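The structure appears right after this line, and notes come after that.
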Number of protein chains: 2
Amino acid sequence: MSATRLDPIDRKILAELQADGRMTNVELAKRVGISAPPCLRRVRTLEEAGYIRGYHAEVDARELGFEVQVFAMVGLQSQAESDLSAFEARCREWPLVRECHMLNGEVDFILKCVAPDLSSFQTFLTAELLTSPNVGSVKTSLVIRGTKDEPGVPFDVLENRLRQQA
Amino acid sequence: MSATRLDPIDRKILAELQADGRMTNVELAKRVGISAPPCLRRVRTLEEAGYIRGYHAEVDARELGFEVQVFAMVGLQSQAESDLSAFEARCREWPLVRECHMLNGEVDFILKCVAPDLSSFQTFLTAELLTSPNVGSVKTSLVIRGTKDEPGVPFDVLENRLRQQA
DNA sequence: AGTGAAAGTACAGCTGA
DNA sequence: TCAGCTGTACTTTCACT
């Protein structure tokens, strides 16, 4: 794993910025135990190396009027690579589709969607997704309640793993 | 929808911070077309009102050694509220489970999991999830490739909607 | 607008291969 | 010795009143 190219301070930086991405550099430096300038240099390096893909404010979807969250399992008629990528390209265009993952097993894709209300999701479902070329089966499941939604990765798992390898 | 309590500048602020959460306040102010001090006041207000739940660095899970991503559909034997919340509490404890959503339909929960490799996920699956009390059926699907993974909500959809209501 | 703090730069010293 | 990282000193920019 490439995480071995990172020293413990780098991993601490990533963990801290994942938890609070708007922390000042001096606060971050204090937490990871070095002074501010090298800390900033490490952050820049981590950004350029792609370990940090970006920073995002986590907004409350419900408060903003996106009351509905739906998972859609999509099966395609043809799984030829060109057909797969055509479907993927369409998913990237649909703003209500926030995530799209290609899966193994009976279902080809899982889509995580948001919508202001049920009726606008239904409109998307019938007018866009179901009428999309090559789409075979679609099974949708409404999210009744959200239990856990942690962004990113569990850094404690990573640390345990590296400790055992040493 | 409570988004009507927000004016267009507030929504622009949220959209910009969702796209780049580490932007400086002056840069943000410039983009939304007001001067820095009122912009900062708006951001603080949005944070305190809960529209902004936090800021996070988006880290590259693969680069950090989390090679495997899995969706698990879980059916419980009892759907009594106390049994549901007991399972939810367990999900919150498992670090490999990043998301847990309660669904309608045949399956009770969908779990989004990450793991360093297949074998450590299998260990989690057999030693933790499958042996957990009240767990009936578990169907897992490996993510073959990620197609789209946009955090947050589509602000353009929100703007279109508000425009039509007016 | 003005003050105090943080970001970012330049440079010099330290440490390990 | 030399590369790489660190910390101090300093300027510029930003946060906040």
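Bear in mind the structure is a predicted one, so any value in this text is a computation, not a measurement. Naming convention: chains lettered A, B, ... in sequence-line order (proteins, then strands); numbering from 1 in each chain.
Contacts of B/E58 classified as salt bridge (Lys or Arg N to Asp or Glu O under 4.0 Å), with partners at least two apart in sequence or in another chain: A/R53. Judged as a side chain to side chain donor-acceptor pair (under 3.5 Å), and not counting sequence neighbours, the contacts of A/E81 are A/S85, B/R145. By the side chain to side chain donor-acceptor pair (under 3.5 Å) test, A/S137 is found to be paired with no residue, residues two or more places apart in sequence or in another chain being considered. Legend: residues meeting salt bridge (Lys or Arg N to Asp or Glu O under 4.0 Å) with B/E106, ordered by chain and number and at least two apart, are A/K139. For B/K12, the salt bridge (Lys or Arg N to Asp or Glu O under 4.0 Å) criterion is met by B/E16, not counting sequence neighbours. In terms of the side chain to side chain donor-acceptor pair (under 3.5 Å) criterion, residue partners of A/S120 (sequence neighbours excluded) are, by chain and number, A/D117.
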So which protein nitrogen or oxygen atoms get under 3.5 Å of nucleotides 3-6 of chain D's nitrogens or oxygens?
from: D/dT6; atom 1: OP1; to: A/R42; atom 2: NE; distance (Å): 3.2
from: D/dT6; atom 1: OP1; to: A/R42; atom 2: NH2; distance (Å): 2.4

Protein-nucleotides 1-3 of chain C N/O pairs closer than 3.5 Å?
none

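The list of salt bridge (charged side-chain N to carboxylate O under 4.0 Å, His left out) pairs with a residue in residues 128-138 of chain A, not counting sequence neighbours, is empty.
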Worksheet, complete the sentence: Reading nucleotides 12-17 of chain C from 5' to 3' and marking B where a protein heavy atom lies under 4.0 Å of the base, S where only the sugar-phosphate is that close, and - otherwise, the string is ------

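Using bins of under 30°, 30° to 60° and over 60° for the plane-to-plane angle, the ring pair B/F109/B/F87 lands in the tilted bin.
A donor and an acceptor atom, one from each side chain of B/Y55 and B/E47, are located under 3.5 Å apart.
Taken residue by residue, residues 19-32 of chain B places heavy atoms nearer than 4.0 Å to DNA chain D at B/T24, B/N25, B/V26.
Taking atom CG of B/L40 as the reference point, atom P of D/dT17 lies 8 Å away to the nearest angstrom.
Side-chain contact check for A/V135 versus A/L76: some heavy-atom pair is nearer than 4.5 Å.
Hydrophobic side-chain contacts under 4.5 Å tie B/I110 into a cluster, directly or through other members, with A/F71, A/M73, A/L103, A/V107, A/I110, A/V143, B/F71, B/M73, B/L103, B/V107, B/V143.
For the pair B/D156 and B/R163, the salt-bridge criterion is not met [side-chain N within less than 4.0 Å of a carboxylate O].
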